[in-house]
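So the structure is just underneath, and the comments pick up after that.
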Amino acid sequence: MQMKHAFMTLLAGTFGAIAASNAVDAVPAAPPKVPVVNGIVQPRRPLPAAIADAMKFLKRADQGYVPGRLDGPLAGYFTSAHVLTDGSPSSRNFCFPARQHAYFINTFLLYHRYSGETEWLQRARDLADWNLAHSTPPDARYANLPWSVYSNGKPGGSQDKDALEPDKAAWFGSSYLALYDVTKEPKYLKAAKAIAITLAARQEKDGSWPFRVVPQDGVVRQQTGGAPVFFVEFFEQILRHEPNKEWNHVRDRALKLMITRNVEQNRWGTYHEDIRERPETHLSAEPMSFTASWLFRHGRERPEFIEMGRTVLRRMEENLVHTTGHPAAPSPAVSEQSTFQHMMPGHTSRYCAALAQLHSATSDASARTKALSGFNALTYMQSEHGLFRTMFQLVNEQRPNRKREDWYSQHLYTVCHLLETLPLLPELSPAKK
């Protein structure tokens, strides 16, 4: 993994060194070290090429895996959260299926549509089928849910320990529905309905679910945290497949909770599976960006949602979004958490996707400029092998050469949000001549 020094060397070699000024107070700040045109940071290379190389990189972890064959070797991303810089999987045998596998399914479906390569649809099916085979048993109190952590061939682990996270199961339910919409295979719709039945039965009166709960008996390990937006979106989507009065009430209560807790009270708390319980003032970029995106997408029918989404982004920008102190400045780069201030490509891509939704809803020109700059900046976060490096830059980095692990998640999150945003910002992918 290369950190700030390596990126500065790359940029200097590509664009020429920028001479330092001898004056201290008499001149403005040094110009950016990346090209900027009309206020938009320009990419190091075309984004379509970056996307293609990113997907080629992922296949380096196949280890004999053949899409469509779950009875043989599996690609590294099935059971390991980490990837080595050459594309081979890490020896660390744990993963976060409910969140990360669902994300990977979404990415594969998007890339299948984008590239026309049928292999990616099969890879999406395989991940879904693996999780169908590894979900909680039907007689559990939290039945038929994907596990949020899987360690050494067994469910549970990390900070979840013997628990799972219901909000991540809702997120996976949305991916089952996306896969069903493409394949029309009934098992994926059935799996989504099974998740909905369990979650509907376990919703609290205030519209919430426990954040960490033991699926077998329902013992709560941690009450608050997670991403309420996942419940809102999942029940919204499944209602389009099967109208259900009870599920409609579940969605409405979840929406009220999301607005009250996240927008009005700015309560977020713990989100990640490997993070111990945090105070509710703790901020994480991922649920914040997802929440803002959902609000902007629904801003036309509910105009008040636009300002709510702006409020969420404003809080992110005050705490987690950085336009200085990294090699692609002045583009935005987004830190993962308020207590883990590493700027990462996946979080940057997701924030820019929210900005694109804001621009789509309101024609906000500044949102468009920031989104284009941020997406273009992703090309400076990509290695020569095609990997979108997890740790792009640490705020106030003191050890720039420190070796840090890369995650499949940050790599594929980046591709996912790039692909889903192309229809909103066609400038990202110029028409082929």
Under 3.5 Å, is there a donor-acceptor pair between the side chain of [X] and the main chain of [Y]?
X: Arg389; Y: Asp406; answer: no
X: Ser409; Y: Gln100; answer: no
X: Asn106; Y: Cys416; answer: no
X: Ser373; Y: Thr369; answer: yes
X: Ser331; Y: Gly374; answer: no
X: Glu286; Y: Ser284; answer: no
X: Gln410; Y: Gly346; answer: yes
X: Ser175; Y: Ile105; answer: no
X: Thr183; Y: Leu179; answer: yes
X: Thr348; Y: Val334; answer: yes

What distance do [X] atom [atom1] and [Y] atom [atom2] have between them, rounded to the nearest 0.5 Å?
X: Leu127; Y: Arg125; atom1: CG; atom2: CZ; result: 13.0 Å
X: Arg261; Y: Trp268; atom1: CZ; atom2: CH2; result: 10.5 Å
X: Gln203; Y: Thr198; atom1: CD; atom2: OG1; result: 13.5 Å
X: Trp294; Y: Met308; atom1: CH2; atom2: CE; result: 9.5 Å
X: Gln159; Y: Ser148; atom1: CD; atom2: OG; result: 12.0 Å
X: Ile197; Y: Leu199; atom1: CD1; atom2: CG; result: 10.5 Å

So, [X] and [Y]: side-chain donor and acceptor under 3.5 Å apart, yes or no?
X: Thr339; Y: His282; value: yes
X: Tyr188; Y: Asp129; value: yes
X: Gln222; Y: Thr270; value: yes
X: Asp364; Y: Ser366; value: yes
X: Gln357; Y: Ser293; value: no
X: Asp126; Y: Gln122; value: yes
X: His241; Y: Asp181; value: yes
X: His322; Y: Gln341; value: yes
X: Thr390; Y: Glu405; value: no
X: His249; Y: Glu246; value: no

Check: [Y] and [X] side chains under 4.5 Å, non-hydrogen atoms:
X: Arg221; Y: Val219; value: yes
X: Pro210; Y: Tyr142; value: yes
X: Leu283; Y: Gln337; value: no
X: Met381; Y: Met344; value: no
X: Met55; Y: Leu412; value: yes
X: Trp209; Y: Pro228; value: no
X: His359; Y: Leu424; value: no
X: Leu387; Y: Gln382; value: no

Write down the atom of [X], the atom of [Y], and the distance for their closest heavy-atom approach.
X: Thr136; Y: Trp147; value: CG2-NE1, 3.6 Å
X: Ser90; Y: Ser80; value: O-OG, 3.6 Å
X: Gln223; Y: Ser208; value: NE2-OG, 4.4 Å
X: Ser349; Y: Phe375; value: OG-CE2, 3.5 Å
X: Tyr114; Y: Ser429; value: OH-OG, 4.3 Å
X: Val213; Y: Pro166; value: CG1-CG, 3.7 Å

Can a salt bridge be assigned to the pair [X] and [Y] using a cut-off of 4.0 Å between side-chain N and carboxylate O?
X: Arg253; Y: Asp206; value: no
X: Arg368; Y: Glu427; value: yes
X: Arg99; Y: Asp167; value: no
X: Glu307; Y: Arg314; value: yes
X: Asp160; Y: Arg212; value: yes
X: Glu384; Y: Arg45; value: no

Would you check if the distance from the ring center of [X] to the ring center of [Y] is below 6.0 Å?
X: Tyr176; Y: Phe172; result: yes
X: His272; Y: Phe340; result: no
X: His411; Y: Phe388; result: yes
X: Phe234; Y: Trp171; result: no
X: His101; Y: Tyr408; result: no
X: Phe108; Y: Tyr77; result: yes
X: Phe392; Y: His326; result: yes
X: His134; Y: Trp130; result: yes
X: Phe78; Y: Tyr65; result: yes
X: Phe305; Y: Phe296; result: no

Surrounding [atom1] of [X] (heavy atoms of other residues, nucleotides or ligands, distance under 6.0 Å), is the total greater than 12?
X: Lys245; atom1: NZ; value: no
X: Arg276; atom1: CZ; value: no
X: Asn38; atom1: CG; value: no

Of Arg350, Arg315, His347, the residue whose pairing with Met288 passes side chain to side chain contact (heavy atoms under 4.5 Å, CB included): Arg315

Test log, rule side chain to side chain contact (heavy atoms under 4.5 Å, CB included), inputs His112 and Arg123: CA-CA 10 Å; His112 163 64; Arg123 287 177 183 259; over 6 Å; no

Cation-pi check, Lys154 onto Tyr150 ring (under 6.0 Å, within 45° of axis): no

